[in-house]
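Have a look at the structure below, then the notes.
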Protein chains: 2
Amino acid sequence: MKELTARQKEILNFIHEYLHDNSYPPTVRETARAFSISVKGAYDHLKALERKGYIKTSEKRSRAIELVTPPESDMPVVQIPLLGEIAAGRPIFADENFERTVAIPADIITNRVPHFALHVKGDSMIGAGILSGDIAIIEQSETAKNGDIVVALLEETVTLKRFFIENNRYRLQAENPHYAPIYTQDLRILGKLRGIYRSY
Amino acid sequence: MKELTARQKEILNFIHEYLHDNSYPPTVRETARAFSISVKGAYDHLKALERKGYIKTSEKRSRAIELVTPPESDMPVVQIPLLGEIAAGRPIFADENFERTVAIPADIITNRVPHFALHVKGDSMIGAGILSGDIAIIEQSETAKNGDIVVALLEETVTLKRFFIENNRYRLQAENPHYAPIYTQDLRILGKLRGIYRSY
DNA sequence: CTGTATACTATACACGCGCATAGGAGCCCG
DNA sequence: CGGGCTCCTATGCGCGTGTATAGTATACAG
């Protein structure tokens, strides 16, 4: 990939920022305006970026700028499904649960057990530093040890809680004093918490 | 989020597919053509999707469709350096600081601004759900806005704190009632917190 | 010195574009 | 039965848009 000039780097940077802010690419004129240059000036820069392989454009289409993501790196990465609402009585990996996939560093998945991800809702685990909106990476498992944080299916709901086995019942413990522990004899463990990811 | 009709789901699906293929959103007319309906027909569908909260549009701009929950099925990953002890008065990226690299989802790195990662030490930010041992992903930056969580260099130490500008001093605020805010006029911001990653 | 690249200005064309108005047909709910 | 939603057609306005032509200035390599 050919070297970019300082100006061209600025333009490419602008496209990145614009895409981050708007999630669609800028027009030629918006690019021109951002740098207070003429339309053709910006147009030529875009063509230069395309010639050097940093972007792709489509003829005669507005905002038709595609970033050619440089191969960057081929890290060991695993794609795991991010599940939305999990309904009781249905397989976890049913299509209806599927929201999208997330990439996670492969090194946290030690064994070959399937993993999935969940959006955390609510503040019941703030004591463990898990906030609403965090993405929880879960190792699928039917069992857990005392004190593990697990995803458990409880009648109609799915919760993330700390898990304990007591005499003849299970205890699901929130990490928030405002939530009382849940005692039950009937629960299904869906998996164990392996990681937390949060984006600011 | 309100329920979509079957037709509206088709339209939303088309936008997803189009974005996956082109990495920029379709125009109203392209949407109309894809379903062999009139322009206004497609336009009304888009407005319905916006009304129900599934997309966002900007007035009078071509292709200005933003997905409210983006699909992004193949999230690329980049490698950033994980820094250990940062010494005052030395460049951040000096070899002696380098611990290893970590892979993080590339979509949190918007522009070409360098990022790095740090091991969080101590419990001063537990109120923000940041625990000792977490990996903090930092966007390198010399400046920050009020309320940002920043990595700041303070005489001999590096800390992660919430940052505020006051009359003629800076305030570094922990998210833990046991820690008093730090007031100073002399500080250097190393970067802004962009993500948190924790492994169990 | 000449050719090629960058980095612009200014003006223009034709078509794509978002959006509006004015309809019509089918549906379900109170 | 009427009112409101969905889903559609057809036509049009006017501006935004990609793209072209022509020209200027500067830098650098052969």
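Residue numbers begin at 1 in each chain, while the letters A, B, ... track the order of the sequences.
In this structure, B:Arg63 reaches the C:dC17 phosphate: one of its side-chain N or O atoms is under 4.0 Å from OP1 or OP2. For C:dC19, the OP1/OP2 oxygens have a side-chain nitrogen or oxygen of B:Tyr43 closer than 4.0 Å. For C:dT6, neither phosphate oxygen OP1 nor OP2 lies less than 4.0 angstrom from any side-chain nitrogen or oxygen of A:Lys9. One finds no side-chain N or O of B:Lys47 lying less than 4.0 angstrom from the OP1 or OP2 phosphate oxygen of D:dC5. Residue A:Arg61 places none of its side-chain N or O atoms closer than 4.0 Å to OP1 or OP2 of D:dG16. Contact between the side-chain N/O atoms of A:Arg7 and the OP1/OP2 oxygens of C:dT6 is not found at any separation under 4.0 Å.
Counting any heavy atom pair closer than 4.0 Å across all strands shown, A:Thr31 reaches no nucleic acid atom. Within the 4.0 angstrom heavy-atom criterion, only backbone atoms of the sugar-phosphate kind lie near B:Thr5; the bases stay farther away. Residue A:Ser62 is in sugar-phosphate contact alone, with no base atom involved, counting any heavy-atom pair closer than 4.0 Å across all strands shown. Using a 4.0 Å heavy-atom criterion, one finds that A:Arg29 contacts the bases of the nucleic acid, with or without backbone contacts as well.
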Given A:Tyr18 and A:Arg63, is the side-chain contact (heavy atoms from CB on, under 4.5 Å) satisfied, shown in steps? CA-CA 11 Å; A:Tyr18 190 102; A:Arg63 302 181 190 277; 3.3 Å; yes

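Side-chain polar atoms of B:Tyr24 and A:Ser62 form no donor-acceptor pair below 3.5 angstrom.
Panel note: side chain B:Glu50, backbone B:Thr57; a donor-acceptor pair is recorded below 3.5 Å.
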